[in-house]
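Within every chain, numbering begins at 1; the chains are lettered A, B, ... in the order of the sequence lines, protein sequences first and strands thereafter.
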There are 2 protein chains.
Amino acid sequence: MSQLATMNVTVAPVDKFREFLLTKKMRLTPEREAVVTAIYSSHDHFDADQWVDSLAGRKGSMLASRSTVYRTLHLLQEAGLIRKVARANDREVYEHDYGYPQHDHLICKKCGDMIEFPNEMISSVLETVAAEHGFRMSGHRLEVEGICAKCSRPPQRTHRKLDMI
Amino acid sequence: MSQLATMNVTVAPVDKFREFLLTKKMRLTPEREAVVTAIYSSHDHFDADQWVDSLAGRKGSMLASRSTVYRTLHLLQEAGLIRKVARANDREVYEHDYGYPQHDHLICKKCGDMIEFPNEMISSVLETVAAEHGFRMSGHRLEVEGICAKCSRPPQRTHRKLDMI
DNA sequence: TTTGCTGCAGCAACTAGTTGCATAGGTTAG
DNA sequence: CTAACCTATGCAACTAGTTGCTGCAGCAAA
Ligand SMILES: [Mn+2]
Ligand SMILES: [Mn+2]
Ligand SMILES: [Zn+2]
Ligand SMILES: [Zn+2]
């Protein structure tokens with residue numbers, strides 16, 4: 001999934017989150033910590049449901065309720081720790097927005113694959129456009145849709161010695 | 001809302017829709033025609049709800065059910081007549097994608113205003129990126145978020161002779 | 001301790017949007 | 001004409017995500 005190199009960061013995500021919460025006079029509760037720890041335990045695109053499942057009842061033990069997971073996801077976005085990246089299969093797809101270089105995605109309509117690409121050019125075009133409009137840009141979300149190289153190869157079946165009967 | 005000039009098109013939206021449906025061996029039913037006519041009766045950003053309201057029961061007589069409105073919106077996207085442009089107030093925002101020049105939007109987090117800007121530069125950057133990845137791009141969705149010029153002016157109150165008591 | 005205040009969790013009810021299903025109705029063959 | 005076929009509709013049930021409410025924990029004043 002991740003073909004871009006990761007970056008080292010000095011402040012751990014949990015601490016960055018605590019700092020953010022302090023500025024809003026909010027606390028890093030055990031529930032909120034459970035969510036941020038879970039999310040930063042692996043570096044992948046993810047959706048809310050998998051954490052609702054594992055943190056709130058259905059599959060795992062109750063570490064945070066469904067509402068709390070969703071509310072914490074909002075806080076994590078505000079804090080700049082995660083961002084919405086696309087919508088796939090009726091679900092919002094998120095990713096880490098901290099400790100990882102800026103990029104956008106080519107999204108294959110057939111297989112759903114999300115190919116990451118760095119976006120300096122686009123960012124700088126947007127800086128210019130925003131300046132022209134006196135617009136203070138804080139971020140962007142770009143979904144490029146189409147068919148990936150794998151899926152657009154002619155329907156020649158995948159390489160195989162012999163078909164099964 | 002629209003600060004970009006409109007373009008003249010030869011084929012009317014309803015006819016373009018009928019053509020598209022034919023290629024899929026589908027019919028332009030009265031319900032589908034009602035939806036596309038309603039949507040093309042004005043040239044604005046819009047959301048599904050307003051057409052569900054006016055076409056399905058609640059306000060007028062039933063021209064197309066809720067499901068049919070939503071299903072027709074999908075078809076209109078496939079047909080290249082409309083496209084999703086952003087998400088605002090928990091609703092998808094659509095706009096005409098036919099008879100109007102390509103553009104993207106600066107979206108103000110405070111007032112919700114959507115400022116349109118033409119996007120040739122961005123399209124061409126994306127063409128290059130897509131080519132590099134052997135990706136056959138069919139479209140994109142770009143939301144630039146931030147604070148618009150109006151909203152970022154110092155909090156000097158709006159011009160008013162005398163405050164109300 | 002008791003009392004009061006505040007922030008947060010969990011619940012349940014809600015909204016936008018999707019989908020399975022039964023059936024209405026159009027199209028074609030006989 | 002009818003029968004078979006097939007598409008598209010409307011309904012109702014469903015899903016992802018949001019929100020108002022209530023009650024409880026943590027802290028502070030009395
Ligand atoms: Mn990514
Ligand atoms: Mn627009
Ligand atoms: Zn693919
Ligand atoms: Zn604004």
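With contacts defined as side-chain heavy-atom distances shorter than 4.5 Å, the pair A:Tyr98/A:Val11 qualifies.
Taking atom CG of residue B:Leu55 and atom C1' of nucleotide D:dT9, one finds them 14 Å apart after rounding to whole Å. Note: CG (A:Asp53) to P (D:dG17) measures 12 Å, nearest angstrom. Between the CZ atom of B:Arg32 and the C1' atom of C:dG25 there is a distance of 14 Å, rounded to whole Å.
Ion pairing between a basic and an acidic side chain is recognised when a charged N comes within 4.0 Å of a carboxylate O; B:Glu78 and B:Lys24 show such pairing.
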Please produce a list of atom pairs where a protein N or O lies less than 3.5 Å from an N or O of nucleotides 22-28 of chain D.
none

List, with names and distances, any nitrogen or oxygen atoms from the protein found under 3.5 Å away from nitrogen or oxygen atoms belonging to nucleotides 11-15 of chain C.
{"residue": "C:dC11", "atom": "N4", "partner": "A:Ser67", "partner atom": "OG", "Å": "3.1"}

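B:Leu21 and B:Arg27 make their closest contact through CD1-O, 3.6 Å (heavy atoms, listed as atom of the first residue, atom of the second, distance). Contact record, A:Cys148 with A:Cys108: N-SG, 3.4 Å, taken as the closest heavy-atom pair.
Grouping the Ile, Leu, Val, Met, Phe, Trp and Tyr side chains by contacts below 4.5 angstrom, directly or via other members, places A:Met26 with A:Leu28. Put simply, A:Ile147 and A:Val144 are part of two different groups of oily side chains (I, L, V, M, F, W, Y) that touch within less than 4.5 Å, one to the next.
Among the nucleotides D:dG10, C:dA16, D:dG17, the one closest to the side chain of B:Glu31 is D:dG10.
Listed pair A:His74 / D:dT18 meets the phosphate criterion, a side-chain N or O lying under 4.0 Å from OP1 or OP2. Distances shorter than 4.0 Å separate none of the side-chain N or O atoms of B:Tyr70 from OP1 or OP2 on C:dT18.
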Could you walk me through whether B:Tyr40 and B:His43 pass the ring pair (Phe, Tyr, Trp, His ring centres under 6.0 Å) test, one step at a time? CA-CA 7 Å; B:Tyr40 266 87; B:His43 190 86; 7.5 Å; no
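The salt bridge (Lys or Arg N to Asp or Glu O under 4.0 Å) test applied to A:Lys109 returns A:Glu145, not counting sequence neighbours.
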